[in-house]
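Everything below concerns the one structure shown next.
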Amino acid sequence: MIREWEKKDLETILDLGTLMWKEGAYSYLDFDRQKAKATLNYLMENPFIGMGWVAEKDGKIVGGMVVHLTKFFFSDQMICNDLALYIDPKERTSLRVPIRLIKKAEEWAKLKGAKEFCPASSVQLKSESVAKLYEFLKFDKVGHLFKKRF
């Protein structure tokens, strides 16, 4: 089941965020749970700029997606970006859950007047599979993401 997030989900969402951090490309950075909590709280309290959904299985949250709206730097029109899409590794048995989360985010972005939804894959978790998933969902692959650590 996919549903909008609620305040009661926050600690579980943060637990999943910790798993994503440990598994991904940002694990060399500190994970500040309080900062992440403050950001998620802000988005929960301001649903006109951010939204999240959780995926439940047998009453347990097993994944989720968080997005936010912002204006293009050159225009007052809106773009929707994702902050996270994550599924517990034990639950990555099909594409049904991520597809349903992405579709919810797309619907929300359209309702909010976004001109486009621009998710990214920057944590290096199954990057090729994620790219194929977005291409399957008719997203255009645009540009590249580059990083250099200091």
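Just so it is clear, the values below take in all heavy atoms, side chains as well, and ignore hydrogens, waters and symmetry mates.
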So if you build clusters from Ile, Leu, Val, Met, Phe, Trp, Tyr with side-chain heavy-atom gaps below 4.5 Å, do [X] and [Y] land together?
| X | Y | answer |
| --- | --- | --- |
| W5 | Y86 | yes |
| L137 | V142 | no |
| L14 | Y42 | yes |

Could you check whether any side-chain heavy atom of [X] comes within less than 4.5 Å of a side-chain heavy atom of [Y], counting everything from C-beta outward?
| X | Y | answer |
| --- | --- | --- |
| C80 | K112 | no |
| F117 | I102 | yes |
| M65 | R100 | no |
| L133 | P98 | yes |
| K132 | L95 | no |

Which distance, rounded to the nearest 0.5 Å, do you find between the [atom1] of [X] and the [atom2] of [Y]?
| X | Y | atom1 | atom2 | value |
| --- | --- | --- | --- | --- |
| K7 | I13 | NZ | CD1 | 10.5 Å |
| L69 | L43 | CG | CG | 10.0 Å |
| I79 | H68 | CD1 | NE2 | 9.0 Å |
| K71 | Q77 | NZ | CD | 10.5 Å |
| I87 | K57 | CD1 | NZ | 11.5 Å |
| R3 | K104 | CZ | NZ | 12.0 Å |

Return the minimal non-hydrogen interatomic distance between [X] and [Y], and the atom names on each side.
| X | Y | result |
| --- | --- | --- |
| R33 | T18 | NH1-OG1, 3.6 Å |
| P119 | D82 | CA-OD1, 3.1 Å |
| A84 | M20 | CB-CE, 3.8 Å |
| M51 | W108 | CB-CE2, 3.5 Å |
| A25 | R149 | O-NH2, 3.0 Å |

| query | According to the interplanar angle, ranging from 0 to 90°, do the rings of W21 and F31 count as parallel (below 30°), tilted (30 to 60°) or perpendicular (above 60°)? | reply | tilted
| message | side chain to side chain contact (heavy atoms under 4.5 Å, CB included), that's the test. Do V66 and M44 meet it? Break it down for me. | response | CA-CA 10 Å; V66 180; M44 284 181 173; over 6 Å; no
Expected output: side-chain [X] to main-chain [Y] donor-acceptor under 3.5 Å:
| X | Y | result |
| --- | --- | --- |
| D88 | K90 | yes |
| N46 | F48 | no |
| N81 | C118 | yes |
| T39 | K35 | yes |

| Around F74, counting heavy atoms of other residues, nucleotides and ligands shown, do more than 12 lie under 6.0 Å from its CZ? | yes
| How about D30: does its CG atom have over 12 heavy atoms from other parts shown lying under 6.0 Å from it? | no
| task | Carefully, step by step, assess L16 and V54 under the rule side chain to side chain contact (heavy atoms under 4.5 Å, CB included). | result | CA-CA 11 Å; L16 285 171; V54 294; over 6 Å; no
| Got a salt bridge between E91 and R96, using NZ or NE/NH1/NH2 to carboxylate O under 4.0 Å? | no
| task | Under the side chain to side chain contact (heavy atoms under 4.5 Å, CB included) rule, what do W53 and K103 come out as? Steps first, then yes or no, please. | result | CA-CA 11 Å; W53 298 268; K103 294 259 184 213; over 6 Å; no
| field | Step-by-step side chain to side chain contact (heavy atoms under 4.5 Å, CB included) determination, D32 to K37 | value | CA-CA 9 Å; D32 186 336; K37 186 175 188 175; over 6 Å; no
